[in-house]
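Below: one structure, written as structure tokens.
Below, all heavy atoms of this structure are taken into account, side chains as well, without hydrogens, waters or symmetry copies. Numbers for residues simply follow the sequence, beginning at 1.
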Amino acid sequence: MAAKSFVEKYKEDHQHPMNKLTHTIGIPMIVVSLLLFYWMWKTALALFALGWVLQFIGHLFEGKKPSFLSNPVYLLIGPVWYAKNILTGKAFKKDQKEKPHL
């Protein structure tokens, strides 16, 4: 049996609706903060800290530790997962069970 991909494991660790909500808000805050640090470091620092607080609050609801604690690669997977879901419109839709292929 093959190991789960990083994206599959990330998705598995982010199922609770409140965790999804806090990540939908927190991940962009963190990414934007990184872009702003040079010009507006105080604002960037506030966005960065608040974004991470939201991440950890979400994981309290999820009942699982953040994925990046097991592997730092997940620090990149989160923004990629978020961007993919925004571009495909999945970020704002409820999860639908996939029908099995016959």
Same cluster or not: [X] versus [Y], using hydrophobic residues (I, L, V, M, F, W, Y) connected whenever any side-chain heavy atoms lie under 4.5 Å apart?
{"X": "Y74", "Y": "F56", "answer": "yes"}
{"X": "V31", "Y": "W81", "answer": "yes"}
{"X": "I77", "Y": "L34", "answer": "yes"}
{"X": "V32", "Y": "L75", "answer": "no"}
{"X": "Y38", "Y": "L36", "answer": "yes"}

Exercise. Would you mind reporting whether N71 and F6 have side-chain heavy atoms less than 4.5 Å apart?
Key: yes
For residues [X] and [Y], report the shortest heavy-atom separation together with the two atoms involved.
{"X": "A44", "Y": "S33", "value": "O-CB, 3.2 Å"}
{"X": "S70", "Y": "S67", "value": "OG-O, 2.8 Å"}
{"X": "Q55", "Y": "I27", "value": "NE2-N, 3.3 Å"}
{"X": "I57", "Y": "T22", "value": "CG2-CG2, 4.5 Å"}
{"X": "I25", "Y": "M29", "value": "O-CG, 3.2 Å"}

Self-check item: Y10 and H23 aromatic ring geometry - parallel, tilted or perpendicular at 30°/60° bounds
Solution: perpendicular
Self-check item: Steps toward side chain to side chain contact (heavy atoms under 4.5 Å, CB included) verdict (E12, K64)
Solution: CA-CA 10 Å; E12 180 181 293; K64 294 181 180 178; 4.1 Å; yes
Self-check item: Set of residues satisfying salt bridge (Lys or Arg N to Asp or Glu O under 4.0 Å) with respect to K65, sequence neighbours excluded
Solution: none
Quiz item: OG1 of T24 to CG of N19: how many Å apart, nearest 0.5 Å?
Solution: 9.0 Å
Quiz prompt | Pairwise distance CD1(I30) to CG(L35) - rounded to 0.5 angstrom | solution = 12.5 Å
Quiz item: For the side chain of Q15 and the backbone of E62, is there at least one donor-acceptor N/O pair under 3.5 Å apart?
Solution: no
Quiz item: Got a donor-acceptor contact below 3.5 angstrom from the H14 side chain to the K20 backbone?
Solution: no
